[in-house]
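Here's the structure we're looking at; comments come further down.
As the structure is a prediction and not an experimental result, all values here were calculated from the model.
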Amino acid sequence: MAKATKKQALGRGLSALLKDPENDIKSANDKNADQLVGSIVELDLDSIEVNPFQPRTSFNEEALNELASSIKELGLIQPITVRKLGFNSYQLVSGERRYRASKKLGLTAIPAYIRIADDSESLAMALVENIQRQDLDPIEVALSYQRLIDEINLTQEQMSERVGKKRSTITNYLRLLKLDPIIQTGIRDGFLSMGHGRALINIEDHDTQINAYEKVISDSLSVRATEELVRSLTNKGTSVSKKATKQNPSFVTEAQDEFTEFFGAKIDIKASSNGKGKISIPFSSKEDFNRILKLLKRG
């Protein structure tokens, strides 16, 4: 109990210190910064702004109410994380649900960890934090991974290390972004699972993909039933390409999945029996092209 009281007192002391303009802590080298790092500080809710880099775009009202009730009953168990913008001005890095629930309760202050970081570091922290700890839907996770690629210039290997996920898992999430926006919305709204989305992505024709999606919804198909539906549709529409694939030597067909996983895209490989062939790597944008280029340079 004494330890907890000391920690809370330190937080109150730092709160007063942070409101003193003559002792404004702006960097890790400033006086008293060592007391701030790693400590929990009570911050005024009005001094905190929402993080524009937050990958979560929708918040379930019922879940927020449940969290608010929990905070009212037990207090805030996990402090939020903010970065310092200026004097008595902060921006959320992670914990927006806790922040919103606290405001719903009418609280005026909230316990927080303060980080001193630039926008790039803040974005990386927010995205990685949410991927690891928040209940994001699969599309929000995929968008977070894509932003780490586009805005932080992380490779899939680097993301794998940062978030503790296999590279193949990251690839599977990113592939969901190739689905039609209507289907992506269905996943975000909970009508489809990630497994459904992974099956539907194998349908290249737009109209066929949408028709399959509508059938999955109307018939409440399981993931396995969806996979069977996709197989039946692709067998009908791609008999020519199936025939061409069968003509590829075994060393090509056995490595097809490895190429797809490495590049994060469906790679077209055609080879003759004498071992000669061609590899086609598709890209959807300049950013996607640069991503592939980096992979090739890394070897």
Practice prompt. Identify, with sequence neighbours excluded, every residue that meets ring pair (Phe, Tyr, Trp, His ring centres under 6.0 Å) alongside Tyr145.
Written response: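 Tyr173.
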
Could you tell me which non-hydrogen atom of [X] sits nearest to which non-hydrogen atom of [Y], and how far apart they are?
| X | Y | value |
| --- | --- | --- |
| Ser160 | Arg167 | OG-N, 3.8 Å |
| Gly197 | Ile187 | CA-CD1, 4.0 Å |
| Ile40 | Pro111 | CG2-CB, 3.6 Å |

How many angstroms lie between [atom1] in [X] and [atom2] in [Y], if you round to the nearest 0.5 Å?
| X | Y | atom1 | atom2 | result |
| --- | --- | --- | --- | --- |
| Thr108 | Glu42 | OG1 | CD | 8.5 Å |
| Ile139 | Leu143 | CD1 | CG | 7.0 Å |
| Thr169 | Lys165 | OG1 | NZ | 7.0 Å |
| Glu214 | Ser218 | CD | OG | 8.0 Å |
| Glu61 | Arg100 | CD | CZ | 9.0 Å |
| Ile71 | Leu64 | CD1 | CG | 9.0 Å |

If you count heavy atoms of other groups shown closer than 6.0 angstrom to CZ of Phe87, is the number above 12?
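Buried by this count: over 12 neighbours within 6.0 Å.
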
Would the number of heavy atoms belonging to other residues, nucleotides or ligands and lying under 6.0 Å from CD of Glu49 be above 12?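 Counting neighbours around CD of Glu49, more than 12 heavy atoms of other residues, nucleotides or ligands fall under 6.0 Å, so yes.
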
Check: According to a 4.5 Å side-chain heavy-atom criterion applied to Ile, Leu, Val, Met, Phe, Trp and Tyr, with indirect links allowed, do Ile201 and Leu229 form part of one hydrophobic cluster?
Finding: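 In one cluster with Ile201: Leu229, yes.
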
Any side-chain heavy-atom pair from [X] and [Y] closer than 4.5 angstrom?
| X | Y | answer |
| --- | --- | --- |
| Lys278 | Ile269 | no |
| Leu92 | Ile48 | yes |
| Gln184 | Leu176 | no |
| Met159 | Ile131 | no |

Given Leu179, which of Ile183, Ile182, Leu177 fulfils the side chain to side chain contact (heavy atoms under 4.5 Å, CB included) condition?
->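 Of all the options given, the one that passes is Ile183.
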
